[in-house]
Amino acid sequence: MFKWALIFAVVALVAAVLGFGGVAGAAAGIAKILFFVGLALVVLFLILGSAAARKIT
């Protein structure tokens with residue numbers, strides 16, 4: 001997920017440099033959404049892993 005967020009961020013930067021404002025804005029928005037979804041999944045899996053570890057021991 002973070003890989004795709006980074007790819008869209010690079011696409012947004014390249015599009016902005018080349019003057020494609022609409023494409024840059026859309027790519028930046030997608031990158032931001034993917035980053036926060038990935039961050040939420042990391043936190044969720046950390047909580048679930050911690051709960052599973054406590055249940056096993």
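Please read these numbers as outputs of a predicted model, since none were measured by experiment.
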_side chain to side chain contact (heavy atoms under 4.5 Å, CB included) partners of Ala15, counting only residues at least two apart_ = Phe20, Val23, Ala24
*Roughly how far, to the nearest 0.5 Å, is the CG atom of Leu41 from the CG atom of Leu46?*
11.0 Å
_According to a hydrophobic-cluster definition based on side-chain heavy atoms being under 4.5 Å apart (Ile, Leu, Val, Met, Phe, Trp, Tyr only), do Ile33 and Leu44 belong together?_
yes
*Any pair with a residue in residues 31-55 that passes ring-ring contact (aromatic ring centres under 6.0 Å, His included), sequence neighbours left out, goes on the list, sorted by first then second residue, please.*
Phe2-Phe35
_Could you work out, with side chain to side chain contact (heavy atoms under 4.5 Å, CB included) as the rule, every residue matching Ala9, not counting sequence neighbours?_
Ala31
*asked:* If we check side-chain contact (heavy atoms from CB on, under 4.5 Å) with Val14, which of these qualifies: Val17, Val11, Leu18?
replied: Leu18
*So which residues get pulled into Ile47's cluster when ILVMFWY side chains under 4.5 Å apart are joined, directly or through others?*
Val43
*Using side chain to side chain contact (heavy atoms under 4.5 Å, CB included) as the criterion, list what pairs up with Ile56, not counting sequence neighbours.*
none
*Can you name the residues that form a side chain to side chain contact (heavy atoms under 4.5 Å, CB included) with Leu34, not counting sequence neighbours?*
Met1, Trp4, Ala5, Phe8, Ile30
